[in-house]
Amino acid sequence: MADFGMPYYTPMDQSYHREIQNADRRSDIEKEPLFPIHLIGTTVPEADASGRNRNIVEGVDAAIRGGAGNIQLVMSGVGQQAAMGPASGPKGYGEDVREAIREIQKASGARITGLELPTSVSNLSGFSQQGFSEEQKKMALDEVRDSIKFIGDIAGGGGVDILSWEFPRNFSESTWWAKEKDSKGKALFEQRGEEHPAIVDSENGRIQMFSPKEKYYLYKQKGTDKKSDDPEEWNWEDFRKLAEQRTKETGKLVRAEQVWVKDYLQEQQEKQIRQNKNQIEMYKLESQDMIDRYTQTMQSKDMPDSEKKKYQDRIDSYNQRLDDMKIQEKQIVTEERKLKDLETKYVTIDEYGFKQATDSYAQAGLWAMQESQKNQYVQRGKGSIHVGPEMGWPQYYGSHPKEWVDLILQSREEMKRKLVQEEHIAPKEAEKMARDHIKGEVDTSHLGMWLQNFKTDLPWDERVTEFKKWYKDQMEYLAKVNKEHDIIGGIQVVDSASGAHGHLPAGQGILGKDIYEYMKILKEKGGYKGELISEGHEEEKFGQGRILTQAWSTFGSPISTGGYMHGRATPQFRDIRQNYAQIAYGTTGIFQSYVPSNDFQLWSQVPLE
């Protein structure tokens, strides 16, 4: 009988009482598992990137056969862009395919808990490289709407999450930045590269970016409201200083971009309007003077008719010029009227982008609510659909925990407003609806990417240690908010070997075994009752299924309730997986009791290998 040194014994075996070798125990798990195997699931990509060419049905089936009790689909295709490819998005799956996915779940007892939209749908603000676009926002919302219907059809409910790269923003202009400082008052995070302030034309969504080194000339002393007789050279830091001064004086937050619009852009446009008015007035006087001269000259009795006609043509030409000047004067009046609204026309990129994003998430929340109410499969299973942002990358709004929380809570407020004002629903009921249908997705690796910007002057090991303290503080913050507002709709547990974006299995990167403690905070202090979804697919090349089995191992998931081993610790997945050799991967070598005795020899004397 093969001896793995493991407790696969029954009461009929003499050694069923043997303790598990090298067992790693936590007292809380021994009493009751915090993360049982059935709560730890895996992501399944719509298009199989492993080269096996599995379709979505085969991918779900393979994940379930691999032991997944919960699955999150990761969509790869978007609409017509992928219509002919292996990943077509929700539009590419008809009723038969949807029925097949439902039947697989029904037969196995596993369930699909939600889906993640592809990175091509990376915000609901409408932001793109060309600025904010209504067309871009509509495209993203169309995909969200199709996905809401799809998750309702195939799973009877679940979450639809959108990677939150809402818009670029500067660290130093974020509300959390001033509070994220060390004991010496130095900012914890340093933005990579040069900061680029920006404003948005609220009428068309176009973005105007500035270089901090760009020079401007104002009749004011640098960084103050004091007037200067001669123009002085300003840079962006001077606008920022004046903004801070006005914030202190008014008690209201004033941004450097607002100062630039009011004190520079508006002044420049007013100056241009004055020049245009003076020029028009000069042309008018000149034209009228020429008309008077020609009129007087034509009064001469000796002037032939042919000559009079020439003068009359000139008079008509100057009269036409005067008519053109009147049109230009009307245009100037319009420009002066617009000038008064300049401060509302141009807004900061975060003000504009946040408004666009929350409006879109509110609309998506309404669709999720409506689909939950009418979809037969959702109704049959008494499920619910929610939608919301997934924590993004540090360079974009929506990645910092406080931004992510603000995005969700304000989107709920906007959805509540729409329900109360447009659907005439009672405020308390509308608040509950928004709470049920707008929730976000925590991605442990995306949050770990903040390490790239964290205390960059520290040695690596010390930096990681300090970063983990900050990371734990964020878990405490999220737990507190979730306890009160129930904002977490799902969690993707994934790691990275550095602060770069990665998809290592949980516990295999910088977060290491501490990821267990982080999730424990969210569950015990934050009241999170959902599943953990492993997205660590980067090590599948070293062993198929490692995305799931390594997560089981990291979270100490028990594999039984103890059986006949009364008084003994419950065996966990980390205790049995390849425990016979204590190695991470398979090997062609022979280990432990499998090795033949040197005393044994075949009659042919052929050596054993």
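Fair warning: this is a prediction, and the values are worked out from it, not measured in the lab. Side chains are part of it too, since the values below use all heavy atoms of this structure and drop only hydrogens, waters and symmetry mates.
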Novice: Do Lys480 and His485 have side-chain heavy atoms sitting under 4.5 Å apart?
Specialist: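 The answer is no, as the side chains (C-beta and beyond) never meet within the 4.5 Å cut-off.
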
Novice: Suppose we screen for ring pair (Phe, Tyr, Trp, His ring centres under 6.0 Å). Which residues come up paired with His537, at least two apart in sequence or across chains?
Specialist: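 His537: ring pair (Phe, Tyr, Trp, His ring centres under 6.0 Å) contacts with His503.
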
Novice: State the CD-CG distance between Gln356 and Asn123, to the nearest 0.5 angstrom.
Specialist: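 Here the rounded value is 10.5 Å.
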
Novice: Using every non-hydrogen atom in the two residues, find where Gly365 and Ile438 come nearest and quote the distance to one decimal.
Specialist: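 Residues Gly365 and Ile438, closest heavy atoms: CA-CG1, 3.9 Å.
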
Novice: To check you understand the geometry: which heavy-atom pair defines the closest contact between Ile547 and Glu540, and what is its length?
Specialist: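 It is N-OE2, 2.7 Å.
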
Novice: Answer yes or no: is there a side-chain heavy-atom contact under 4.5 Å between Pro505 and Thr554?
Specialist: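 Contact flag for Pro505/Thr554 side chains = no.
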
Novice: For the residue pair Phe555 and Val493, establish whether any side-chain heavy-atom pair is separated by less than 4.5 Å.
Specialist: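 Heavy-atom side-chain distance check passes, below 4.5 Å.
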
Novice: Going from NZ on Lys472 to OH on Tyr518, what distance comes out if it is rounded to the nearest 0.5 angstrom?
Specialist: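 Spacing of NZ (Lys472) from OH (Tyr518) equals 8.0 Å.
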
Novice: Can you check salt bridge (Lys or Arg N to Asp or Glu O under 4.0 Å) on Lys469 and Asp514, steps first, answer last?
Specialist: CA-CA 11 Å; Lys469 294 177 184 177; Asp514 291 334; over 6 Å; no

Novice: Rounded to the nearest 0.5 Å, how far does CZ of Phe167 lie from CZ of Phe127?
Specialist: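 Between atom CZ of Phe127 and atom CZ of Phe167 there are 9.5 Å.
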
Novice: Does Gln191 form a side-chain contact (heavy atoms from CB on, under 4.5 Å) with Ser172? I'd like the steps, not just the answer.
Specialist: CA-CA 8 Å; Gln191 183 163 330; Ser172 63; 5.9 Å; no

Novice: Assess whether a salt bridge exists between Glu195 and Arg240, defined as any Lys/Arg side-chain N lying under 4.0 Å from an Asp/Glu carboxylate O.
Specialist: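 Salt bridge: yes.
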
Novice: Okay, side chain of Asn375, backbone of Val378: is any donor-acceptor separation there less than 3.5 Å?
Specialist: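 Present.
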
Novice: Assess whether a salt bridge exists between Lys432 and Glu429, defined as any Lys/Arg side-chain N lying under 4.0 Å from an Asp/Glu carboxylate O.
Specialist: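 Here Lys432 does not pair with Glu429 in a salt bridge, since their nearest N and O are not under 4.0 Å apart.
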
Novice: Just wondering, do Arg98 and Lys149 contact through their side chains at under 4.5 Å, heavy atoms?
Specialist: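 Lys149 reaches Arg98 side chain to side chain.
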
Novice: Whether the side chain of Ser372 engages the backbone of Ile385 through a donor-acceptor N/O pair (distance < 3.5 Å, no angle test) should be reported.
Specialist: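 Flag set: sc Ser372 to bb Ile385 pair under 3.5 Å.
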
Novice: Quick one, Tyr471 and Thr444 - any side-chain contact, counting heavy atoms below 4.5 Å?
Specialist: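 In short, these two side chains touch, coming nearer than 4.5 Å.
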
Novice: Is any side-chain heavy atom of Glu116 less than 4.5 Å from a side-chain heavy atom of Glu390?
Specialist: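 In contact.
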
Novice: Take a 6.0 Å sphere around CD of Gln129 and say whether it holds more than 12 heavy atoms from other residues, nucleotides or ligands.
Specialist: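 At most 12 heavy atoms, drawn from other residues, nucleotides or ligands, come within 6.0 Å of this atom.
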
Novice: Does the salt bridge (Lys or Arg N to Asp or Glu O under 4.0 Å) test come out yes or no for Glu466 and Arg463, once each step is laid out?
Specialist: CA-CA 5 Å; Glu466 290 296 309; Arg463 183 176 163 195; over 6 Å; no

Novice: With side-chain contact (heavy atoms from CB on, under 4.5 Å) as the test, would you mind laying out the steps for Phe210 and Ile199 before giving the verdict?
Specialist: CA-CA 9 Å; Phe210 309 97; Ile199 57 172; 3.9 Å; yes

Novice: Which pair of non-hydrogen atoms, one from Ile56 and one from Tyr93, has the smallest distance, and what is that distance?
Specialist: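 That closest heavy-atom pairing would be CG2-CE2, 3.6 Å.
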
Novice: Working to the nearest 0.5 Å, report the span between CG of Leu419 and CE of Met369.
Specialist: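 Here the rounded value is 5.0 Å.
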
Novice: Can you confirm if the aromatic rings of Trp367 and His437 lie within a centre distance of less than 6.0 Å?
Specialist: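 They do not qualify: ring centres at least 6.0 Å apart.
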
Novice: Under a 3.5 Å distance rule, please check whether Ser534 uses its side chain to pair with a backbone N or O of Thr42 as donor and acceptor.
Specialist: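 A pair under 3.5 Å: no.
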
Novice: Is it the case that over 12 heavy atoms from other parts of the model lie below 6.0 angstrom from the CZ atom of Arg206?
Specialist: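 Not buried by this count: 12 neighbours or fewer within 6.0 Å.
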
Novice: Quick one: do Lys468 and Glu517 satisfy salt bridge (Lys or Arg N to Asp or Glu O under 4.0 Å)? Show the steps, please.
Specialist: CA-CA 11 Å; Lys468 285 188 174 184; Glu517 299 301 328; over 6 Å; no

Novice: Does the ring center of Trp176 lie less than 6.0 Å from the ring center of Trp470?
Specialist: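 They do not qualify: ring centres at least 6.0 Å apart.
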
Novice: Please determine if Arg102 and Glu99 form a salt bridge, counting it only when a charged side-chain N lies under 4.0 Å from a carboxylate O.
Specialist: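 Between Glu99 and Arg102 there is a salt bridge, with a charged N closer than 4.0 Å to a carboxylate O.
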
Novice: For Gly89, is there any backbone N or O sitting under 3.5 Å from a side-chain donor or acceptor partner on Glu46?
Specialist: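 It does hold such a pair.
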
Novice: For a side-chain contact (heavy atoms from CB on, under 4.5 Å) check, start with the C-alpha distance between Glu531 and Arg111, then their side-chain angles and the critical distance, and finish with the verdict.
Specialist: CA-CA 11 Å; Glu531 62 286 333; Arg111 66 191 188 99; 3.1 Å; yes

Novice: Do Thr43 side-chain atoms and Glu535 backbone N/O form a donor-acceptor pair below 3.5 Å?
Specialist: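 Checked: no pair found.
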
Novice: For Gln474 versus Pro401, what's the shortest heavy-atom pair and its separation?
Specialist: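 Scanning both residues completely, I find the closest heavy atoms to be OE1-CG, 3.5 Å.
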
Novice: Taking atom CD of Gln379 and atom CD of Glu371, what is their separation to the nearest 0.5 Å?
Specialist: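 Going from CD on Gln379 over to CD on Glu371, the span is 10.0 Å.
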
Novice: Are any of the side-chain nitrogens in Asp495 or Lys513 under 4.0 Å away from the carboxylate oxygens of its partner?
Specialist: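 A salt bridge is absent here (no side-chain N lies under 4.0 Å from a carboxylate O).
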
Novice: Taking Ser202 for the side chain and Lys345 for the main chain, is one N or O donor matched with an acceptor at less than 3.5 Å?
Specialist: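 At least one qualifying donor-acceptor pair exists.
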
Novice: For the CD atom of Gln72 and the CG atom of Leu532, what is their distance to the nearest 0.5 Å?
Specialist: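 Answer rounded to 0.5 Å: 12.0 Å.
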
Novice: With a sphere of 6.0 Å drawn around CG of Asp457, does it hold more than 12 non-hydrogen atoms of other residues, nucleotides or ligands?
Specialist: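 Enclosed.
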
Novice: Quick one: does any side-chain atom of His446 pair with a main-chain N or O of Met391 as donor and acceptor, under 3.5 Å?
Specialist: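 Yes, His446 side chain to Met391 backbone: donor-acceptor pair under 3.5 Å.
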
Novice: State, yes or no, whether a side-chain contact exists between Val405 and Ile487 at a heavy-atom distance under 4.5 Å.
Specialist: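 In short, these two side chains touch, coming nearer than 4.5 Å.
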
Novice: Which residue in the set Trp450, Trp393, Tyr477 passes ring pair (Phe, Tyr, Trp, His ring centres under 6.0 Å) when paired with His400?
Specialist: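 So the option named by the test is Trp450.
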
Novice: What pair of heavy atoms forms the shortest contact from Val44 to Ala63, and how long is it?
Specialist: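 For Val44 versus Ala63, the nearest heavy atoms are CG2-CB, 3.5 Å.
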
Novice: Where the side chain of Glu403 meets the backbone of Gly398, is there a donor-acceptor pair that is under 3.5 Å apart?
Specialist: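 Such a contact is found between Glu403 side chain and Gly398 backbone.
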
Novice: Is the shortest distance from a Lys or Arg side-chain nitrogen in Glu351 or Arg255 to a carboxylate oxygen in the other one below 4.0 Å?
Specialist: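 Looking at Glu351 and Arg255, the cut-off is not met.
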
Novice: Is there side-chain contact between Val160 and Phe150, with heavy atoms separated by less than 4.5 Å?
Specialist: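 In short, these two side chains do not touch, never coming nearer than 4.5 Å.
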
Novice: Between Arg169 and Asp350, does any side-chain N to carboxylate O distance fall below 4.0 Å?
Specialist: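 Answer for the salt bridge query: no.
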
Novice: Please report the closest heavy-atom contact between Asp182 and Leu188, naming both atoms and the distance.
Specialist: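 For Asp182 versus Leu188, the nearest heavy atoms are N-CD2, 3.7 Å.
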
Novice: Would you call Glu135 and Lys138 a salt bridge, taking side-chain N to carboxylate O under 4.0 Å as the test?
Specialist: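 Salt bridge between Glu135 and Lys138, a charged N being under 4.0 Å from a carboxylate O: no.
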
Novice: Salt-bridged, Lys91 to Asp146, with N to O below 4.0 Å?
Specialist: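 Answer for the salt bridge query: yes.
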
Novice: Answer yes if the side chains of Thr456 and Glu190 hold a donor-acceptor pair under 3.5 Å, and no otherwise.
Specialist: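 Yes, Glu190 and Thr456 have a side-chain donor paired with an acceptor closer than 3.5 Å.
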
Novice: Compute whether any side-chain donor of one residue and acceptor of the other, for Gln410 and Asp406, lie under 3.5 angstrom apart.
Specialist: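 No.
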
Novice: Using a strict threshold of under 4.0 Å (side-chain N to carboxylate O), is an ion pair present between Glu431 and Arg412?
Specialist: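 Here Arg412 does not pair with Glu431 in a salt bridge, since their nearest N and O are not under 4.0 Å apart.
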
Novice: Could you go through Ile112 and Leu73, starting from their C-alpha distance and side-chain angles, then the distance that decides it, and tell me whether this counts as side-chain contact (heavy atoms from CB on, under 4.5 Å)?
Specialist: CA-CA 7 Å; Ile112 295 174; Leu73 297 177; 4.2 Å; yes

